[in-house]
Amino acid sequence: MAKLKVAGTWSGAIEVELDVWTVPMLREEVARRSNLSPDSINLICAGMVLKGTDGTAKLSDLGLKSNAKILSTRVSADQGKSLKEEAMAEDERSRRLARVKAAATALAKRHADGSLPLEDFNIELEDQSGKKVNMGSETDQRAVMMGLMLHSNAKQLIRRQKYGDALEVLAMGEESFSLCNPQFIEMVDNVPIMQIDMVWCYFMLQDISSLSVAGIRLQKAREGIERAHGKDYSRVRLLQGGRYPEIALHLRLELLEGVVAYHSGHFDKSRKALTSAQEKFLKLQVPDESLSLVMSMGFKERDARRALRMTNQDVGSAIDFLIEEKSKRSQKREEDMKRKQEIREQKSYGVTPAKKPVDLQRLNELVSIGFEKALAAEALRRNENDTQKALDDLTNFETNATIQNDIESRKRKRQQKADEAAIEQLVSMGFDRSRAVEAVSGGHTVEQAMQKLLVQPQGLPNQPENANPVTATPATTSALSINNEVSGSMNNIDEVGDASAHAGMDDRDVEMEEELADELAQADAFSDYDIEVTKEGEAIEEYLSLLASGGGSSSATQPR
């Protein structure tokens with residue numbers, strides 16, 4: 001045993017085992033003897049505050065020896081509360097980041113492997129023209145989806161100026177993209193934009209220590225953007241019909257290159273990059289007259305400003321761009337509605353033995369040659385969407401009869417389950433069970449059965465003789481109808497052995513998954529380029545002033 005001499009809130013000696021005791025244990029003991037809470041004291045030894053942040057470091061690991069002198073000081077109530085709140089906030093932040101990663105992983109897994117989505121939407125990869133992109137490999141598909149979801153979430157954090165959190169999410173996204181085929185990644189600008197966003201977070205956090213990493217990231221970003229956009233922006237100009245969506249992105253890249261060069265002592269390189277960034281900044285300044293003209297056509301200020309920036313301030317081209325984008329959004333809504341209907345239809349057929357949905361295109365091919373839809377869907381489901389095998393089953397009299405019998409059997413089971421659920425609902429309302437069974441018989445819905453029972457109010461138990469007849473309100477019957485439909489929909493899937501269709505539903509973080517999905521839904525082909533450049537403009541002026549004053553020191557404070 002060793003002795004530690006304590007002074008301050010309590011004075012005396014405490015016997016401890018240096019190889020066993022931790023800082024929290026020592027603090028708790030000193031606090032007990034001081035009649036204070038452990039959160040209200042600090043322990044100081046040799047001018048160092050003993051923290052032991054992870055709670056596992058032993059006193060001997062911190063250099064404490066027998067007869068060491070410990071000063072115990074009382075922390076003010078506000079400071080103790082602040083430390084506690086800070087620790088709680090850090091725990092909450094860590095939990096949220098873990099939730100983000102887990103939700104992105106789950107969504108990407110479900111939507112990349114061709115499984116039937118649990119949701120009424122499906123996440124699909126598209127290029128800037130809105131065309132679907134098939135990666136080929138499920139691993140690549142999943143990696144890109146997860147990277148894009150995390151990047152989208154990080155951009156929301158950047159808008160809310162939570163740059164530290166954004167950096168951690170961006171690091172997760174970078175890891176996801178690294179799992180994808182490099183040949184595909186080199187053809188898109190998502191990863192280079194992510195690199196720029198990471199350096200922008202360094203800059204806004206005034207993290208001078210990350211300069212060397214920032215320089216490497218910016219070099220990779222410029223190389224990646226040149227591959228994706230073309231050396232002279234030729235490829236992006238062709239894809240965007242002569243428009244200029246990339247100017248703000250290149251402005252931010254050149255600003256950051258200028259900042260890194262400045263703090264690295266390369267002042268000529270810094271001046272060149274910042275001057276080029278300033279020229280782009282001036283190009284992006286929208287004249288009030290042009291903005292008013294576009295807004296007079298009924299467009300919102302934010303949309304009008306973005307359109308003018310992307311069309312080099314040409315009012316006519318800006319209006320054409322906005323009309324085209326409006327048409328695209330309308331078409332996208334129609335496509336989304338159609339896809340939701342397809343997903344609901346696929347869910348009604350269940351999944352194949354390999355847990356994949358029925359292929360609607362192949363189903364329609366079989367229907368077009370005269371087969372009944374439910375029969376054709378079941379044949380495809382049984383045969384893993386193999387059209388030829390499904391056709392063989394449909395044209396074989398015995399197999400066809402077996403399939404039809406199975407379909408009818410499932411229909412009867414579904415009806416039985418629906419009837420049982422309806423009866424239980426009616427009984428829970430106070431109706432006699434035997435009368436509820438009679439009312440539901442014949443395939444009546446809950447609403448129809450209840451209306452039938454209400455015609456004879458004496459069917460309600462314990463009803464006073466002078467009681468008024470009960471009347472079902474529209475709200476009540478609507479709610480019952482909706483509940484009945486939902487349970488029927490789920491039964492359709494369960495009937496065909498799809499226990500895995502809902503696998504993981506109990507473990508799902510629905511709130512976080514919906515948040516990520518909403519962020520993706522709000523984005524469009526130009527979201528990565530739609531940067532508000534006010535802070536960039538201020539930073540350019542600040543650094544050019546520093547250069548004009550004689551170069552300055554590499555430790556100069558970064559503007560925010």
Side-chain angles (χ1 to χ4, degrees), residues 126-131 148 151-161 166 188-190 192-194 196-197 200 204 221 225 228-230 233-256 276-333 336 518-540:
E126 297 178 348
D127 61 18
Q128 289 186 356
S129 63
K131 294 179 180 178
L148 291 175
H151 193 186
S152 179
N153 182 259
K155 284 184 286 189
Q156 292 290 339
L157 292 170
I158 289 173
R159 292 188 187 98
R160 298 200 295 268
Q161 299 183 21
V188 297
D189 61 6
N190 301 92
I193 292 173
M194 178 177 282
I196 295 172
D197 286 342
W200 178 251
M204 296 307 296
I225 284 179
H229 292 183
Y233 318 135
S234 55
R235 186 166 178 266
V236 72
R237 200 72 67 244
L238 180 64
L239 289 171
Q240 297 301 333
R243 299 187 182 109
Y244 302 79
E246 80 291 343
I247 294 179
L249 180 67
H250 284 266
L251 182 161
R252 179 176 282 184
L253 172 61
E254 290 177 347
L255 160 65
L256 294 173
S276 179
Q278 187 178 52
E279 291 173 357
K280 291 179 174 61
F281 177 77
L282 295 174
K283 279 185 179 181
L284 293 173
Q285 302 313 297
V286 177
D288 292 339
E289 182 180 354
S290 299
L291 184 62
S292 298
L293 282 172
V294 178
M295 290 178 64
S296 68
M297 300 294 292
F299 297 105
K300 295 179 181 179
E301 179 180 350
R302 183 179 179 278
D303 295 335
R305 190 181 300 278
R306 178 166 86 159
L308 286 165
R309 283 177 171 175
M310 292 189 178
T311 56
N312 205 20
Q313 317 296 343
D314 185 284
V315 174
S317 297
I319 293 173
D320 290 341
F321 170 79
L322 289 167
I323 293 173
E324 181 182 321
E325 286 301 295
K326 184 178 180 180
S327 176
K328 285 182 179 179
R329 285 194 296 271
S330 178
Q331 182 180 352
K332 185 70 166 58
R333 282 194 296 270
D336 288 344
D518 287 343
E519 289 168 355
L520 285 177
Q522 293 170 13
D524 60 28
F526 299 101
S527 296
D528 283 334
Y529 311 111
D530 190 17
I531 300 173
E532 176 52 55
V533 294
T534 302
K535 291 180 179 178
E536 284 83 350
E538 294 171 356
I540 291 169

query = Any luck finding a side-chain donor-acceptor pair between K326 and S330 under 3.5 Å?
reply = no

What I'd like to find out is whether the side chain of F299 reaches to under 4.5 Å of the side chain of I323, using heavy atoms alone.
yes

Check the pair T311, D320 against side chain to side chain contact (heavy atoms under 4.5 Å, CB included), reporting the backbone distance first and the verdict last. CA-CA 10 Å; T311 56; D320 290 341; over 6 Å; no

Here the gap from E519 atom CD to S527 atom OG, rounded to the nearest 0.5 Å, amounts to 11.5 Å

| With side chains defined as the heavy atoms from C-beta onward, is the minimum distance between D528 and L249 less than 4.5 Å? | no

Fill in: Salt-bridge contact E538-K535 (side-chain N to carboxylate O under 4.0 Å)
no

Heavy atoms of E254 and A277 approach each other most closely as OE1-N, 3.2 Å

On a heavy-atom basis, the closest approach of Q285 and Q313 is O-NE2, 3.5 Å

The reported gap from CZ in R329 to NZ in K332 (rounded to nearest 0.5 angstrom) is 12.5 Å

To the nearest 0.5 Å, atom CE of M297 lies from atom OG of S292 at 13.5 Å

Worksheet item: Does CE belonging to M295 count more than 12 external heavy atoms closer than 6.0 Å?
Response: yes

Next on the checklist: Please verify the inter-ring angle class for F526 with F321; under 30° counts as parallel, over 60° as perpendicular, anything in between as tilted.
Outcome noted: perpendicular

Given side chain to side chain contact (heavy atoms under 4.5 Å, CB included), test I158 with M204 step by step and report yes or no. CA-CA 10 Å; I158 289 173; M204 296 307 296; over 6 Å; no

In short, L322 meets A304 closest at the heavy-atom pair CD1-CA, 4.2 Å

Can you tell if the side chain of L255 reaches within under 4.5 Å of the side chain of V533, non-hydrogen atoms only? no

* **Heavy-atom side-chain proximity of L251 to I531 below 4.5 angstrom** => no

(request) Side-chain contact test, heavy atoms from C-beta onward, threshold under 4.5 Å: evaluate it for E325 versus D303 and give yes or no. (result) no

So CD of E532 and CZ of R306: to nearest 0.5 Å the spacing works out to 12.5 Å

The reported gap from CD1 in I193 to CZ in R252 (rounded to nearest 0.5 angstrom) is 10.5 Å

What one should report as the nearest heavy-atom pair of H229 and D189 is NE2-OD2, 2.8 Å

**Message:** I'd like to know if D530 and R309 make a salt bridge, using a cut-off of under 4.0 Å between side-chain N and carboxylate O.
**Reply:** no

Between L293 and I319, is any pair of side-chain heavy atoms under 4.5 Å apart?
no

On a heavy-atom basis, the closest approach of V188 and P192 is O-CD, 3.9 Å

Between the CG atom in L253 and the CD atom in E246, the distance rounded to the nearest 0.5 Å is 12.0 Å

In terms of heavy-atom contacts, V286 and R305 come closest through CG2-CG, 3.8 Å

